[in-house]
Amino acid sequence: MSALLAARRRERGTRWRRLSTDRQALLVLAHVRWGHTYAQLAAGFGVGITTAYRYIGEAVEVLAALALDLTTAMRTAARKAFVILDGRLLPIDRIAADRPFYSGKHKKHGMNVQVIADPFGRLLWASPALPGAVHDIKAARTHGIIGALADAEVPCWADKGYQGAGGTIRVPYRGRWDKLSAGQQAVNASHAKIRALGEQAMATLKTWRLLRKLRCSTTRITNLVKAVLTLHLATSG
């Protein structure tokens with residue numbers, strides 16, 4: 001990250017900064033990985049709050065630009081036996097009046113992020129963030145995930161929220177367990193075991209504590225998710 005930040009500084013012709021690129025990278029990691037506030041970071045690094053905000057914004061922009069797009073992620077997915085698709089609600093700090101961000105499924109305000117994982121539960125890709133009121137299947141269609149999976153001919157396991165998606169997406173049978181046939185019950189049980197692996201990818205996002213409760217503008221969340229994806233893939237390869 002330090003090299004990328006140094007390149008950005010040369011590009012902008014910046015001669016002097018309060019922090020070196022190494023310290024700026026550490027500042028960003030402390031914010032994204034541990035969720036430290038701007039005030040805490042400013043005090044810890046000996047800079048002003050405005051400076052901390054600016055440095056973090058600059059680094060997040062650099063990292064977000066490097067995030068895998070869906071087309072590139074599909075090239076990786078095509079080499080897998082199958083993938084797992086699921087939606088994750090990233091909680092945000094909003095009031096009851098902010099209905100577009102309220103998820104009826106989760107009973108809280110947040111941003112909907114679609115996540116694709118490999119058969120081992122490793123994170124492959126995360127989508128831009130949409131308001132929490134957007135249902136998973138609509139989010140998948142908005143991002144072009146269903147079509148991309150079909151074009152790449154990648155089998156995909158998903159939950160009932162993607163019922164009717166079509167393409168290569170497989171969902172469990174709907175209905176109460178006791179109303180399903182023995183064959184349908186067996187299929188759903190097997191399906192649940194496979195999808196459980198995808199929860200590991202969901203948990204990956206939670207290890208970046210900033211995403212556990214976002215208190216920033218909703219317009220910045222997509223770049224934060226992209227930055228986390230870049231950092232995660234760079235450190236887990």
Side-chain angles (χ1 to χ4, degrees), residues 1-5 7-8 24-36 55-80 82-92 110-132 134 136 139-149 152 154 156-158 195 197-237:
M1 191 196 305
S2 297
L4 294 171
L5 293 173
R8 174 56 65 90
Q24 183 180 3
L26 184 60
L27 174 81
V28 174
L29 287 173
H31 179 60
V32 179
R33 172 63 85 176
W34 303 110
H36 295 323
Y55 280 12
I56 290 170
E58 178 183 68
V60 166
E61 182 182 331
V62 169
L63 292 169
L66 296 173
L68 291 180
D69 60 17
L70 183 58
T71 300
T72 304
M74 283 300 103
R75 288 200 287 269
T76 300
R79 298 195 293 269
K80 308 295 182 180
F82 62 88
V83 297
I84 303 164
L85 172 65
D86 203 351
R88 170 62 60 186
L89 187 79
L90 302 181
I92 60 174
M111 299 293 284
N112 181 308
V113 172
Q114 299 294 298
V115 176
I116 296 177
D118 73 6
F120 298 97
R122 294 177 298 211
L123 179 65
L124 293 180
W125 182 77
S127 76
L130 293 174
V134 177
D136 284 337
R141 286 171 173 157
T142 299
H143 298 308
I145 297 172
I146 299 171
L149 289 168
V154 181
C156 174
W157 268 251
R195 280 196 56 255
L197 297 172
E199 290 301 317
Q200 296 178 35
M202 304 300 118
T204 293
L205 292 179
K206 287 188 175 181
T207 64
W208 299 86
R209 295 189 180 181
L210 182 67
L211 300 184
R212 294 182 185 180
K213 185 64 176 286
L214 290 155
R215 294 179 172 82
C216 62
S217 168
T218 55
T219 59
R220 299 181 59 229
I221 293 176
T222 287
N223 270 359
L224 285 171
V225 172
K226 288 183 176 181
V228 166
L229 180 64
T230 298
L231 289 170
H232 173 75
L233 295 180
T235 57
S236 62

Rounded to the nearest 0.5 Å, what separation is found between the OG atom of Ser236 and the CG atom of Leu123? 7.5 Å
How many angstroms lie between atom CG of Asp136 and atom CG of Leu130, to the nearest 0.5 angstrom? 10.5 Å
Donor-acceptor pair, Gln114 side chain versus Ala139 backbone, under 3.5 Å? no
Of the non-hydrogen atoms in Gln200 and Phe120, which two are nearest, and what is the gap between them? OE1-O, 3.2 Å
Closest heavy-atom pair, Ala129 versus Ile221, reported as atoms and distance to 0.1 Å, is CB-CG2, 3.8 Å
Can you find a pair of side-chain heavy atoms, one from Leu197 and one from Pro119, that are under 4.5 Å apart? no
Contact between Leu231 and Leu29 at the side-chain level, heavy atoms closer than 4.5 Å - yes or no? yes
With sequence neighbours excluded, what pairs up with Thr207 under the side chain to side chain donor-acceptor pair (under 3.5 Å) test? Arg33
4.5 Å side-chain heavy-atom contact, Leu214 and Ile92: yes
With heavy-atom distances below 4.5 Å as the criterion, would you say the side chains of Ile116 and Leu70 are in contact? yes
If you look at every heavy atom in Leu89 and Asn112, which pair is closest and at what distance? CD1-N, 4.3 Å
How far does CG of Leu210 sit from NE2 of His36, to the nearest 0.5 angstrom? 11.5 Å
Can you find a heavy atom in the side chain of Val83 that is under 4.5 Å from one in the side chain of Leu85? no
Side chain to side chain contact (heavy atoms under 4.5 Å, CB included) against Thr76, all qualifying residues, sequence neighbours excluded: Arg79, Lys80, Leu124
Below 4.5 Å, heavy atoms only, C-beta onward: do Val225 and Leu90 meet side chain to side chain? yes
Separation between CZ (Arg75) and CG (Asp69), nearest 0.5 Å, reads 7.0 Å
Mind checking side chain to side chain donor-acceptor pair (under 3.5 Å) for Arg215 and listing every partner two or more places apart, or none if nothing turns up? none
Side chain to side chain contact (heavy atoms under 4.5 Å, CB included) against Ala152, all qualifying residues, sequence neighbours excluded: Met74, Val154
For Arg141, what residues pass the side chain to side chain donor-acceptor pair (under 3.5 Å) criterion, not counting sequence neighbours? none
Return the CG to CG distance between Leu229 and Leu205, rounded to the nearest 0.5 Å. 8.5 Å
Can you name the closest pair of heavy atoms from Tyr55 and Gln24 and give their distance? O-NE2, 3.0 Å
Measuring from Thr230:OG1 to Leu68:CG, what's the distance to the nearest 0.5 Å? 7.0 Å
How would you list, by chain and number, every residue that makes a side chain to side chain contact (heavy atoms under 4.5 Å, CB included) with Arg209, sequence neighbours excluded? Trp34, Arg212
Decide, yes or no, whether a salt bridge links Arg88 with Glu199 under the criterion of side-chain N to carboxylate O below 4.0 Å. yes
